[in-house]
Enquirer: 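This is the structure, below, for whatever I ask next.
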Amino acid sequence: MGYAIQLVQETPYRFRIERHGPMRVPGVILASRELLPEDQALQQVVNVATLPGIVRASYAMPDLHWGYGFPIGGVAATDITAGGVVSPGGVGFDISCGVRLLVADMDRDLLAPRMTRLLDRLDHVIPRGAARGAVWHLTGRTQLEGVLSDGARYAVEQGHGVARDLERCEDFGAVADADVSQVGSRAMERGLNQVGSLGSGNHFLEIQAVEEVYDEAVAAAFGLRRGQVCVMIHCGSRGLGHQICTDHVRAMEKVMPHYGITVPDRQLACAPVDSSEGRAYLGAMAAAANYGRANRQLLGEATRRAFADLADCGLDLVYDVSHNLAKIETHDGARLCVHRKGATRALPPYHPDLPADLAPAGQPVLIPGTMGTASYVLTGVPGGEAFHSTCHGAGRTQSRHQAARSITGEQLRDRLEAQGIVVRGATWRGLAEETPTAYKDVDTVVTASEGAGLCRKVARLVPLGVVKG
DNA sequence: ATGTGC
């Protein structure tokens with residue numbers, strides 16, 4: 001701290017911070033100059049570069065901004081066999097926050113006359129905000145353990161969805177190495193009544209339309225065509241994931257001296273992946289990841305019921321992918337712990353973890369925009385940098401307080417409705433805090449992501465109706 | 001992000 005961070009521009013979309021001080025690797029920021037954040041987030045890129053076992057670089061995506069310990073839009077991988085660490089701050093409080101996209105077998109013109117009724121129904125059936133309630137009322141601890149161990153797969157087994165849904169979920173709906181015994185009692189309590197709830201902040205459920213297709217072949221493989229209606233769901237693991245992060249940060253803070261680890265920021269609390277504390281966090285994190293997927297599965301099912309009932313219309317899953325997660329992955333023969341925080345995995349065509357029917361197209365990468373703005377579908381590219389990762393959305397540029405001072409919820413609703421976008425918010429205050437003017441421009445972020453060679457654009461989606469958390 | 005903040 002106390003010095004200006006030196007950035008070396010290497011290409012229009014690539015900046016480098018050379019190793020200095022305790023940095024073990026350089027920092028690499030994949031962004032255009034206009035997207036570079038305030039100094040604090042760049043300092044966080046530098047801080048992450050000091051973590052034990054980090055390899056290649058401390059990466060940042062174009063939507064980089066300040067976060068807890070790690071920047072949001074940060075990607076960092078550690079070598080497990082070289083004492084590499086796992087850090088809860090490298091995943092964030094909303095473990096497994098992510099996006100699910102479903103497509104309707106209907107075009108926007110046909111749906112238009114039913115839009116208001118559909119939004120009113122979703123407003124009624126999608127639990128969100130501070131209010132209690134969830135789509136799925138778990139009968140007790142046994143069912144919650146099923147959710148934590150088997151995620152969307154358990155939800156489908158229990159009748160909430162169809163088998164094909166799992167083909168289109170990251171990890172086919174469940175991470176294998178969840179350890180329920182590492183989920184504390186408070187986290188369990190908080191999780192019991194929130195499976196199938198949106199939450200608040202930037203979480204939303206949107207009815208959208210495919211406005212533009214950039215790659216016809218890949219879009220067709222994803223089931224997308226121009227004019228088609230789709231539904232995007234953006235949410236995470238609610239209070240359960242938050243509590244797990246809190247609990248394991250505390251546990252790691254205590255044992256860091258024992259492992260001889262020092263970090264420049266206490267928010268970078270970490271432990272070796274190959275240690276009891278590291279394994280404990282990864283087991284609990286995987287359980288929260290499964291919870292997040294089950295959550296999105298249930299919200300998708302509630303939306304399907306509304307569409308079937310009011311529009312006689314089916315919804316097929318395009319994909320479900322997280323943008324807050326650490327994963328054990330093999331890259332160039334090395335076993336790495338890849339942290340993605342506000343960064344989306346973007347597998348290239350023919351990657352072995354893709355479902356067979358998506359192999360030629362690559363992984364669908366789902367980028368939620370800000371309320372009233374576009375969202376994107378992207379795909380992974382061969383040789384993608386940063387361990388096959390890309391951006392996760394438009395990063396915030398204004399605090400919630402600043403945002404709420406700039407506009408009222410009612411004004412924002414009027415402005416959106418003047419653009420033909422129907423809005424159903426949880427609270428006026430919450431709506432105002434999410435004004436699009438408080439965010440970077442998602443089009444600019446996606447252009448930079450493609451320009452930096454992280455992904456390719458497939459389709460641009462525009463909002464028709466918003467159910468806001 | 002979060003039964004919002006040490």
Side-chain angles (χ1 to χ4, degrees), chain A residues 41 44 63-74 87-100 127-134 138 144 183-205 233-250 253 265-267 269 281 284-285 287-289 291-293 295-296 299 321-326 339-344 368 370-371 392-405 425-435 438-439 468-469:
Chain A
Q44 292 187 316
D63 45 344
L64 173 73
H65 62 286
W66 175 82
Y68 179 87
F70 278 57
I72 294 161
S87 174
V91 172
F93 277 90
D94 194 4
I95 298 169
S96 190
C97 180
V99 182
R100 170 170 291 229
R128 60 199 195 276
R132 291 189 155 269
L138 300 181
L144 180 56
V183 180
S185 55
R186 283 181 80 185
M188 294 290 278
E189 281 165 32
R190 292 177 71 171
L192 204 50
N193 302 308
Q194 296 186 323
V195 188
S197 64
L198 209 48
S200 56
N202 65 357
H203 292 162
F204 64 74
L205 185 155
I233 299 169
H234 177 208
C235 64
S237 55
R238 309 287 280 105
L240 177 128
H242 190 277
Q243 191 66 50
I244 286 172
C245 182
T246 303
D247 293 347
H248 288 261
V249 163
R250 278 197 198 128
E253 277 175 345
D265 175 355
R266 63 177 296 184
Q267 294 184 351
Y281 171 69
M285 183 212 70
Y291 188 95
R293 284 131 191 225
N295 191 20
R296 291 191 288 273
L299 291 170
V321 65
S322 170
H323 47 234
N324 283 2
L325 211 57
H339 301 73
R340 295 187 182 88
K341 180 189 192 175
T344 315
T370 311
M371 191 166 44
H392 87 303
R396 239 187 204 285
T397 54
Q398 267 181 21
S399 71
R400 287 186 181 153
H401 191 69
Q402 281 176 302
R405 256 193 329 221
T427 63
W428 290 121
R429 165 86 194 186
L431 206 61
E433 287 176 352
E434 293 301 314
T435 175
Y439 284 85
K468 192 71 188 154

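Naming convention: chains lettered A, B, ... in sequence-line order (proteins, then strands); numbering from 1 in each chain.
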Enquirer: Could you tell me whether the phosphate oxygens of dA1(B), OP1 or OP2, come under 4.0 Å of any side-chain nitrogen or oxygen in Arg238(A)?
Expert: no
Enquirer: Between atom NE2 in His65(A) and atom P in dA1(B), what is the gap in whole Å?
Expert: 8 Å
Enquirer: Using a 4.0 Å heavy-atom cut-off, does Glu189(A) contact any base of the nucleic acid, only the sugar-phosphate backbone, or nothing at all?
Expert: nothing
Enquirer: With a 4.0 Å limit, can you tell me whether Asn324(A) has a side-chain N or O closer than that to the phosphate oxygens OP1/OP2 of dA1(B)?
Expert: no
Enquirer: Over all strands shown, is Gly241(A) touching base, sugar-phosphate only, or nothing at heavy-atom distances under 4.0 angstrom?
Expert: nothing
Enquirer: When you measure from the side chain of Ser322(A) to the backbone of Cys97(A), do you find a donor-acceptor pair of N or O atoms at a distance under 3.5 Å?
Expert: yes
Enquirer: Using a cut-off of less than 4.0 Å, is there contact between a side-chain N or O of Ser200(A) and OP1 or OP2 of dA1(B)?
Expert: no
Enquirer: Could you tell me if the side chain of Arg396(A) sits less than 4.5 Å from the side chain of Trp66(A), heavy atoms only?
Expert: no
Enquirer: So, His339(A) side chain and Gly74(A) main chain: donor-acceptor pair closer than 3.5 Å or not?
Expert: no
Enquirer: Rounded to whole Å, how long is the line connecting atom NE2 of His234(A) with atom C1' of dA1(B)?
Expert: 9 Å
Enquirer: dC6(B) C1' sits how many Å from Glu253(A) CD, rounded?
Expert: 13 Å
Enquirer: With sugar-phosphate meaning primed atoms plus P, OP1 and OP2, does Gly239(A) contact a base, only sugar-phosphate, or nothing at under 4.0 Å between heavy atoms?
Expert: sugar-phosphate
Enquirer: Need one value for Gly92(A): base, sugar-phosphate or nothing, where a base atom within 4.0 Å counts as base even if backbone is also close, heavy atoms only.
Expert: nothing
Enquirer: Can you tell me the distance, in whole Å, between the CH2 atom of Trp66(A) and the C1' atom of dA1(B)?
Expert: 12 Å
Enquirer: Please state how far atom CZ in Phe93(A) lies from atom C1' in dG5(B), giving the value in whole angstrom units.
Expert: 12 Å
Enquirer: Report which part of the nucleic acid Arg396(A) touches: base, sugar-phosphate, or nothing (heavy-atom distance under 4.0 Å, all strands).
Expert: nothing
Enquirer: Using whole Å, what does the distance between atom P of nucleotide dA1(B) and atom CG of Leu325(A) come to?
Expert: 17 Å
Enquirer: Roughly how many Å is it from OH in Tyr439(A) to P in dA1(B), rounded to a whole number?
Expert: 5 Å
Enquirer: When you measure from the side chain of Asp63(A) to the backbone of Gly393(A), do you find a donor-acceptor pair of N or O atoms at a distance under 3.5 Å?
Expert: yes
Enquirer: Decide if the gap between the ring center of His234(A) and the ring center of His392(A) is smaller than 6.0 angstrom.
Expert: no
Enquirer: Return the value, rounded to whole Å, for the distance between atom CD of Glu434(A) and atom P of dT2(B).
Expert: 11 Å
